[in-house]
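Have a look at the structure below, then the notes.
Heavy atoms only: backbone and side chains are in, while hydrogens, waters and symmetry mates are out. Given the structure is predicted, the values throughout are model-derived calculations rather than measurements.
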Amino acid sequence: MEAQQVPKTCKVILSDTIAKKLLSEVRETLAKIEGPNASKPTLAAFLSTDDPAALQYAEWSKRTCEENGFNFDLRKVDKENLEEGIIAANNDDQVDGILVYYPIWVGNHSQDKYIKETVALSKDVEGLCHTHLFNMYHNVRFLDPPTNLKKSILPCTPLAIVKTLEYLQIYNPILAYGNRLFGKTITVINRSEVNGRPLAALLANDGATVYSVDITGVQVFTRGEGIRQLRHQVHDKEGWELKDVLPLSDVVIGGVPTEKFKVPTELLRDGAVCINFSSFKNFDGPAVKEKASIYVPSIGKVTIAVLLRNLVRLIANRPRPEGSAPEDPKDAKARSEAFIEG
């Protein structure tokens with residue numbers, strides 16, 4: 001008699017699968033708000049670094065844009081001329097969104113921050129200017145309260161992880177929008193200002209208890225007991241380490257930018273969901289598949305899909321030209337409903 005095979009306990013989900021669904025939504029939404037005869041939207045991408053990861057991201061972005069009906073205009077400029085190049089793109093009506101590959105000045109975050117503020121709010125496809133970041137941290141989801149028709153732009157990598165969690169049904173659609181992670185405990189191993197901290201804030205603002213871990217220790221992001229606060233609060237967990245939070249976590253998200261770091265598999269709880277957003281493998285693949293219920297080894301292609309999603313949202317948010325004919329109610333409805341939930 002043939003021995004019965006034990007079914008695998010871990011499902012590996014590749015970023016292509018998640019990105020495909022998002023890109024379909026992007027194309028459909030763009031067609032609704034722009035119509036069939038509209039010109040292709042243009043994303044201007046500024047590259048002032050020789051970082052191999054940025055170059056690969058640029059190549060993936062170009063391919064994804066062209067495959068989905070967008071123009072990708074890669075502009076390689078010297079960092080000393082970057083500000084002038086961005087200002088020109090801000091004033092160019094043919095440019096719908098602006099992307100800048102960071103870091104530019106390694107070790108000088110203030111100069112990078114200055115460049116982020118140079119990008120016009122209406123073209124900030126990455127959601128890195130002060131207005132978008134303020135809204136994200138304060139859990140303000142719209143640019144035009146109380147009308148609430150223009151959604152804020154969220155940083156691409158953190159939003160890509162949110163969309164990944166939605167795809168994996170970690171978000172509970174039965175709960176009210178904004179509370180759908182209530183009851184979930186999540187560990188994020190990275191607290192950078194670009195990815196880790198915004199991600200922890202987004203997840204906590206959606207109701208999760210989030211342990212944010214970096215080399216300085218552990219912080220907990222939460223909206224208080226019973227998610228009673230409108231926005232997340234942050235508290236230090238004195239004396240806590242990664243070993244204290246991994247066994248508590250339903251979801252573990254790795255974003256440590258070094259090949260040397262690996263999440264200790266033995267500390268993961270059985271059935272945890274493990275997601276890697278570092279360009280290095282933060283999880284031991286074969287080992288984590290014996291412990292996790294779901295493993296997502298990378299999210300790069302989801303990030304690019306979210307980039308285009310943000311670009312379409314910028315187009316939907318755009319005010320109509322002065323003197324133009326009244327907008328058809330059907331078109332106005334399509335613009336106001338573009339990706340209205342996240």
Side-chain angles (χ1 to χ4, degrees), residues 11 13-43 45 57 60-72 96-97 99 122-127 132 135-136 141-143 148-178 180-181 198-199 202-203 205-206 275 277 294 296 298-318 328 330-342:
K11 181 82 171 174
I13 306 292
L14 301 180
S15 60
D16 296 49
T17 306
I18 307 166
K20 186 177 179 181
K21 182 175 183 293
L22 287 169
L23 289 169
S24 175
E25 182 189 17
V26 164
R27 291 191 300 270
E28 288 171 10
T29 305
L30 180 63
K32 284 179 183 175
I33 64 175
E34 289 286 273
N37 301 316
S39 58
K40 291 182 179 182
T42 295
L43 176 63
Y57 188 32
W60 284 352
S61 300
K62 182 176 189 295
R63 189 181 313 129
T64 305
C65 279
E66 291 174 350
E67 288 173 352
N68 289 277
F70 294 80
N71 292 322
F72 183 77
D96 298 286
L99 165 68
S122 61
K123 297 189 179 184
D124 180 15
V125 76
E126 296 179 281
H132 289 312
N135 282 1
M136 179 194 66
R141 305 200 174 210
F142 295 90
L143 291 169
N148 292 347
L149 296 178
K150 297 181 179 180
K151 200 85 187 295
S152 282
I153 302 296
L154 297 172
C156 293
T157 297
L159 181 56
I161 296 169
V162 167
K163 290 298 161 190
T164 297
L165 291 171
E166 288 181 352
Y167 179 88
L168 300 178
Q169 299 180 3
I170 306 302
Y171 275 73
N172 185 346
I174 294 174
L175 297 177
Y177 177 59
R180 291 178 177 175
L181 287 178
L199 175 60
L202 281 174
L203 299 176
N205 283 343
D206 279 338
I275 300 170
F277 74 85
I294 300 173
V296 182
S298 70
I299 61 145
K301 293 182 179 179
V302 184
T303 301
I304 296 169
V306 163
L307 181 74
L308 294 187
R309 195 176 187 276
N310 279 354
L311 180 56
V312 173
R313 172 164 280 148
L314 288 175
I315 294 168
N317 284 352
R318 214 157 45 194
D328 185 297
K330 181 182 171 185
D331 295 337
K333 186 172 185 287
R335 285 158 63 88
S336 68
E337 291 180 351
F339 313 122
I340 203 67
E341 286 205 4

_Counting C-beta onward and ignoring hydrogens, is there a side-chain heavy-atom pair between V302 and V296 closer than 4.5 Å?_
no
*asked:* Within a 6.0 Å radius of atom CD on Q169, are there more than 12 heavy atoms belonging to other residues, nucleotides or ligands?
replied: no
*Not counting sequence neighbours, which residues clear ring-ring contact (aromatic ring centres under 6.0 Å, His included) with Y167? List them please.*
none
*asked:* If we ignore hydrogens and angles and just use 3.5 Å, is the side chain of D16 paired with the main-chain N or O of K301 as donor and acceptor?
replied: no
*Indicate the atoms forming the closest heavy-atom contact of I299 with A160, along with that distance.*
CD1-CB, 4.0 Å
_Can you give me the closest heavy-atom contact between L203 and Y171, atom names plus distance?_
CD2-OH, 3.9 Å
*Taking all non-hydrogen atoms of both residues, which atom of V306 and which atom of C156 are closest, and how far apart?*
CG1-O, 3.7 Å
*With the side chain counted from C-beta on, respond yes when L165 and I275 share a heavy-atom pair under 4.5 Å apart, and no when they do not.*
yes
*For A305, what residues pass the side chain to side chain contact (heavy atoms under 4.5 Å, CB included) criterion, not counting sequence neighbours?*
A19, L22, L23
*Of all heavy-atom pairs between C65 and L43, which one has the smallest distance, and what is that distance?*
SG-CD2, 4.2 Å
_Could you work out, with side-chain hydrogen bond (donor to acceptor under 3.5 Å, both in side chains) as the rule, every residue matching T64, not counting sequence neighbours?_
none
*Which distance, rounded to the nearest 0.5 Å, do you find between the CD of E126 and the CD1 of I153?*
11.0 Å
*asked:* For a 4.5 angstrom cut-off between non-hydrogen side-chain atoms, does H132 reach L143?
replied: yes
*Is the shortest side-chain N to carboxylate O distance from E66 to K62 below 4.0 Å?*
yes
*L181 and I170, any side-chain heavy atoms less than 4.5 Å apart*: yes
*For the pair R180 and D206, find out whether any cationic side-chain nitrogen is under 4.0 Å from an anionic carboxylate oxygen.*
no
*Calculate, to the nearest 0.5 Å, the distance between atoms CD and NZ belonging to E25 and K163 respectively.*
6.5 Å
*Any side-chain heavy-atom pair of V312 and F70 under 4.5 Å*: yes
*To the nearest 0.5 Å, how far apart are OG1 in T157 and OH in Y57?*
6.0 Å
*asked:* Would you compute the distance between atom NZ of K40 and atom CG of L30 and round it to the nearest 0.5 angstrom?
replied: 11.5 Å
*With a 4.5 Å heavy-atom cut-off, do N205 and M136 have their side chains touching?*
no
*Any chance you could measure L159, atom CG, to T164, atom OG1, to the nearest 0.5 Å?*
9.5 Å
*To the nearest 0.5 Å, what is the distance between OG (S61) and CG (L308)?*
7.5 Å
_Heavy-atom pair of closest approach, residues L99 and L307_ = CD2-CD2, 3.9 Å
*For the residue pair L154 and V162, establish whether any side-chain heavy-atom pair is separated by less than 4.5 Å.*
no
_I need the minimum non-hydrogen distance between S15 and S298, along with the two atoms involved._
CB-O, 3.4 Å
_Heavy-atom side-chain proximity of F277 to L199 below 4.5 angstrom_ = yes
